[in-house]
Amino acid sequence: MNGMEKVNKQTLEWLLEEDPLNPGVRYLALRDLEDRAVNDPLVIAARQAALASGQIPAILTQQDAQGFWVEPGPGYLPKYRSIVWQVIFLAQLGADVREERVYKACDYLLSHAIGKFEGFSMTATPSGTAHCLQGNLGTALLTLGMGVDERLRHALEWMACSITGDPYQGVPIHYYRSGISGPGFLCSANDHQPCAWGAVKVALALAKVPADQRTPAMRKAVQMCVDFLLSTDPAGADYPHPYAPKTSTSWFKFGFPVFYITDVLQILEALLGLGLAGDERLLAAIKLLESKQDTHGCWIMEYTYNGKTWVDIEEKKQPSKWVTLRALRVLKQYYRL
C-alpha cells in the first residue's frame with residue numbers, strides 16, 4: 001500500500017497552501033509528502049518563503065553576532081531560548097546550513113557544547129551529558145546539514161559508545177551519578193533506570209546516519225534502541241518511570257516543537273527512520289495515531305511550548321499543521337510497504 005493513500009486530499013491541500021505564519025509547513029510537505037526534488041521550482045520558492053517570514057527569521061533575529069542566543073557557552077540554559085533549543089527548533093522548522101546564520105549557530109554549538117571527552121554536554125564535562133541531549137543535538141545537526149563535520153562524527157560515536165559500554169577510541173566510558181549513569185540508556189533523571197525519552201532521541205539521531213556509514217558501535221546502539229523501544233508496546237509506552245506511579249501522559253500528547261519530552265508519535269518517527277516500515281509491532285501505535293485524526297483529517301496541538309520560546313506555534317487544542325505534518329510523514333512511511 002502507498003502511504004499517501006491514507007492521506008485526506010483536503011488535508012494535504014491545507015498543508016500545501018501558502019501560509020505566511022507557518023511557511024515551513026508548505027516547504028516540508030512538498031519535500032517529504034510529495035517527494036519533490038530539491039531543485040523543483042516549487043520547493044525552492046517554498047524554502048525561500050520559509051526563510052523570509054514566519055518562525056525561522058523570527059528566531060534568527062534574536063541571535064547574537066557570535067552565533068549563540070542569550071548567553072555564551074554550552075547553551076543549554078536558559079530554557080527554551082538558548083542556542084541548544086534554537087538549533088533543535090530550527091531543524092524541525094526546515095532550516096539548514098545554507099543560511100549563513102544557521103551555519104554560524106551550528107558551528108558555535110559544536111565548538112562550545114562538546115567537552116574534551118568529545119560528547120555533547122550541558123556543562124562541557126561528562127557529568128553534564130544526557131542521552132536526550134546527545135540525541136536531540138545529533139538529530140538537529142544532521143538534519144541541518146552538518147554531517148560532514150568531524151566534531152559531530154566524533155560526538156555521535158561517543159554517544160553510541162555511551163549506550164553500548166564499548167570504549168571510545170580505546171578509552172573506557174566513565175559514568176557518573178549525574179547525567180548518564182551507565183550503559184543501556186541509564187540516566188540519573190530517570191532514577192538511574194533506562195530512559196525511553198533518551199532512547200527515542202538517540203534512535204532519531206542514528207537513523208540520520210546512513211546505514212553504510214554507521215560504525216560497529218553505532219550498529220550495536222541501533223539494535224539496542226530497537227530492542228528497548230519494542231520491549232513494550234509503544235502504544236502504551238510503559239517504559240521504566242521510577243519517579244512516578246504511572247506512565248507519563250506526555251507520551252499521548254502530540255505537539256510541536258519536540259524537545260526532550262517526547263511522545264508516541266516520535267517513537268514511530270524514530271523506529272520508522274531505522275527501517276521498521278510495515279512492522280506489525282508498531283501497528284497499535286499507528287492505530288493510536290490514526291484515532292487522533294479529527295473528522296477533517298487533521299491532528300490537534302495537544303502540547304505546546306508557547307510563551308517559553310522566541311516564537312509561538314499555532315494554538316493548543318486547535319488543528320495543527322505542524323502536528324498533522326508529523327503524523328502524515330509517519331503514515332506515509334509506515335504504509336510504504
Is the ring centre of Tyr76 less than 6.0 Å from the ring centre of Trp85? yes

Does NZ belonging to Lys316 count more than 12 external heavy atoms closer than 6.0 Å? no

Taking Leu42's backbone N and O only, do any of them form a donor-acceptor pair with Tyr27's side chain (distance below 3.5 Å, no angle check)? no

Is Lys253 salt-bridged to Asp263, going by a charged N under 4.0 Å from an acidic O? no

Test: Asp32 and Arg326 ion pair at under 4.0 Å: no

Can you tell me how the ring of Trp251 sits relative to the ring of Tyr239, calling it parallel under 30°, perpendicular over 60° and tilted otherwise? tilted

For Ser231, the side chain to side chain donor-acceptor pair (under 3.5 Å) test, sequence neighbours excluded, returns none

Residue list, salt bridge (Lys or Arg N to Asp or Glu O under 4.0 Å) with Glu71, at least two apart or on another chain: none

Before accepting this row, confirm whether a basic side-chain N of the pair Glu302/Lys292 lies closer than 4.0 Å to the acidic partner's carboxylate O. yes

Heavy-atom neighbours of Gln169 CD exceed 12 at 6.0 Å: yes

Mark yes when over 12 heavy atoms from residues, nucleotides or ligands other than Arg81 sit less than 6.0 Å from its CZ; otherwise mark no. yes

Mark yes or no: Arg336 above the aromatic ring of Tyr334, with NZ or CZ under 6.0 Å from the six-membered ring centre and no more than 45 degrees from the axis. no

Least distance between heavy atoms, Val323 atom then Phe254 atom: CG1-CB, 3.9 Å

With His131, which of Tyr260, Phe185, Tyr175 fulfils ring pair (Phe, Tyr, Trp, His ring centres under 6.0 Å)? Phe185

Listed once per pair and sorted, the ring-ring contact (aromatic ring centres under 6.0 Å, His included) pairs that draw on residues 261-303, sequence neighbours left out: Tyr303-Tyr305

I'd like to know whether CD of Glu13 has more than 12 heavy-atom contacts from other residues, nucleotides or ligands below 6.0 angstrom. yes

Taking atom types as modelled and ignoring hydrogens, do the side chains of Trp322 and Asn22 form a donor-acceptor contact shorter than 3.5 angstrom? yes

For Asn306 and Glu315, which I'm curious about, is there any donor-acceptor pair between the side chains at under 3.5 Å? no

